[in-house]
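The next block holds one structure in the form of structure tokens; read it before the comments.
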Amino acid sequence: MPDNITKSKIKHHFNKAYKTYDAYCTVQNNASQRALELLMPHSSYFEVIADFACGTGESTLKLIKQIRHEKCYAVDFSDKLLSIAQNKLLFPVNCILSDFDEKLFPDDFLDLVFCNMGLQWSLALEKTLILLNRYLTKSGYFVFSVPVSGNFPEIRAQFKSVLFSPADIIRVLNKSGFKIVDHYSYKHIQSFQSHYQALKSLQALGANFSPGLRHDNRGLKKINVREVFVEECILPQLTYCIGIYLCQKASL
Ligand SMILES: C[S@@+](CC[C@H](N)C(=O)[O-])C[C@H]1O[C@@H](n2cnc3c(N)ncnc32)[C@H](O)[C@@H]1O
């Protein structure tokens, strides 16, 4: 599938989730808190900051409450999620509708780049990271969380995307001009009342489209829910495997 079609499908699924995202994003909120906690011992003041893939602005809210700054940008390509963010984030946050793969800021412009649970949607991670790196000032910081390999062991391989391992992510970060300051991975198990509810949570978050999969993304009502889960998965739960990375722009 050409990248522009894949991206419009990703965007479509997130846009469809605009009314439900905030009620379901506990794992995402926990990840953004962890990412900021990894950053704060290093510095809690940055002049110009940006939250890429800000969604409904939940991650941006945490960012601006915990990091002192002069100017903040919140960027997302899903117009419906961004309009929710716009209502939550008042001046001086500047919400911008943009793809994180499109050049948006001048080089050496941002002192901190933040991205919470967004980079798994990049179709070319190295390219995305190189662009984010260009925006950073000398020794600027980049902190992000991202689902990593091993995510959702309850779901059969043909129904989920292939994710990078932590070692792969470090390799791509180094190739893209970052040095890694700190990182770790953790598991977050979410329990549900039924397997159907588990899948519904992914739909409510807009995360029910998987680029590169051969299955046809049928609506929840049309699928056999048990077919999506591995046989041994008796308990209705989803195990998120998430990596948190703190990096700095490497000097040339
Ligand atoms: C799981 S949500 C995370 C939202 C927010 N950061 C949070 O923590 O709640 C992932 C977000 O990535 C955005 N996204 C995916 N691909 C994108 C792209 N190419 N450019 C900009 N945003 C993108 C989606 O629109 C969605 O809002």
Side-chain angles (χ1 to χ4, degrees), residues 2-37 39 49-67 72-86 88-89 93 95-105 112-132 135 142-148 151-152 160-161 163 188 190 201-212 238 240-245:
D3 280 1
N4 59 340
I5 296 180
T6 305
K7 283 203 181 190
S8 54
K9 285 189 186 243
I10 296 171
K11 198 186 297 187
H12 171 74
H13 281 78
F14 277 110
N15 270 335
K16 270 177 74 178
Y18 81 106
K19 285 187 186 157
T20 47
Y21 186 90
D22 282 1
Y24 280 83
C25 64
T26 46
V27 176
Q28 289 70 16
N29 282 346
N30 180 268
S32 62
Q33 187 54 39
R34 283 171 177 262
L36 292 171
E37 278 167 14
L39 169 68
I49 65 180
D51 182 11
F52 284 87
C54 68
T56 62
E58 286 295 294
S59 49
T60 324
L61 271 184
K62 281 196 165 23
L63 174 70
I64 58 174
K65 275 190 190 146
Q66 294 176 63
I67 299 297
C72 177
Y73 297 90
V75 181
D76 203 285
F77 77 165
S78 301
D79 49 304
K80 290 200 170 169
L81 296 198
L82 194 72
S83 67
I84 306 241
Q86 239 150 357
K88 275 182 206 165
L89 305 164
V93 179
C95 293
I96 305 176
L97 183 66
S98 177
D99 187 320
F100 53 47
D101 288 320
E102 300 290 331
K103 177 99 163 83
L104 183 60
F105 298 111
L112 172 66
V113 166
F114 180 48
C115 184
N116 190 55
M117 301 290 275
L119 288 172
Q120 70 275 27
W121 300 106
S122 167
L123 303 183
L125 187 60
E126 189 177 331
K127 190 174 152 241
T128 307
L129 293 179
I130 288 173
L131 188 56
L132 296 179
Y135 298 147
F142 173 37
V143 63
F144 67 97
S145 72
V146 71
V148 293
N151 196 52
F152 300 157
K160 62 184 177 186
S161 307
L163 295 170
H188 186 139
Q190 236 189 351
S201 76
L202 297 181
Q203 188 178 54
L205 290 163
N208 53 323
F209 173 73
S210 305
L238 289 173
Y240 284 79
C241 295
I242 296 174
I244 308 280
Y245 296 84

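Just follow the structure's listing: the first ligand is 1, and inside any ligand the first atom is 1.
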Which one of S145, A35, A17, A53 has a non-hydrogen atom at the shortest distance from atom 12 (O) of ligand 1?
-> A53
Considering non-hydrogen atoms only, spot the tightest contact between L81 and N15 and give its length.
-> N-OD1, 3.9 Å
Location of contacts on F100 toward ligand 1, heavy atoms closer than 4.0 Å | both
Shortest protein heavy-atom distance from atom 1 (C) of ligand 1, along with the residue and atom involved = M117 O, 3.3 Å
Just heavy atoms, cut-off under 4.0 Å: does N116 contact ligand 1 by side chain, backbone, both, or neither?
-> both
Atoms in ligand 1 with a heavy atom of S98 nearer than 4.0 Å | 20 (N), 21 (C)
Considering residues, nucleotides and ligands other than K9, do more than 12 of their heavy atoms fall under 6.0 Å from its NZ?
-> no
Taking the side chain as every heavy atom from C-beta outward, state whether K62 and N29 have any pair of such atoms under 4.5 Å apart.
-> yes
Check: I242 and M117 side chains under 4.5 Å, non-hydrogen atoms = yes
Does the ring centre of F144 sit less than 6.0 Å away from the ring centre of F114?
-> no
Can you name the residues that form a side-chain hydrogen bond (donor to acceptor under 3.5 Å, both in side chains) with S98, not counting sequence neighbours?
-> none
Check whether the side chains of S201 and Q190 place a donor and an acceptor atom closer than 3.5 Å, and report yes or no.
-> no
What is the nearest protein non-hydrogen atom to atom 14 (N) of ligand 1, stated with its residue, atom name and distance?
-> F77 CE2, 3.5 Å
Would you kindly specify which portion of C54 sits under 4.0 Å from ligand 1, judged on non-hydrogen atoms: side chain, backbone, both or neither?
-> backbone
Under a 4.0 Å heavy-atom limit, does A31 contact ligand 1 with its side chain, its backbone, both, or neither?
-> neither
When you measure from atom 13 (C) of ligand 1 to each heavy atom in D51, D76, N15, which option holds the nearest one?
-> D76
Sub-4.0 Å atoms of ligand 1 with respect to non-hydrogen atoms of G55 | 4 (C), 27 (O)
Not counting sequence neighbours, which residues clear salt bridge (charged side-chain N to carboxylate O under 4.0 Å, His left out) with K127? List them please.
-> none
Using the side-chain hydrogen bond (donor to acceptor under 3.5 Å, both in side chains) rule, pick out the option among Q33, Q28, R34 that qualifies with N30.
-> R34
Does ligand 1 have an atom under 4.0 Å from some heavy atom of G57?
-> no
When only distance counts, is W121 in polar contact with ligand 1, meaning an N/O pair under 3.5 Å?
-> no
Which atoms of ligand 1 sit under 4.0 Å from any heavy atom of S59?
-> 5 (C), 6 (N), 7 (C), 8 (O)
Looking only at protein heavy atoms, which one is nearest to atom 19 (N) of ligand 1, and how far off is it?
-> D99 OD1, 3.1 Å
Counting each atom of ligand 1 from 1 as listed, which ones have a heavy atom of L81 under 4.0 Å away?
-> 27 (O)
Starting from atom 7 (C) of ligand 1, which protein heavy atom do you reach first, and at what distance in Å?
-> Y21 OH, 3.4 Å
Option from F77, F100, F52, F14 for which ring-ring contact (aromatic ring centres under 6.0 Å, His included) with W121 holds | F14
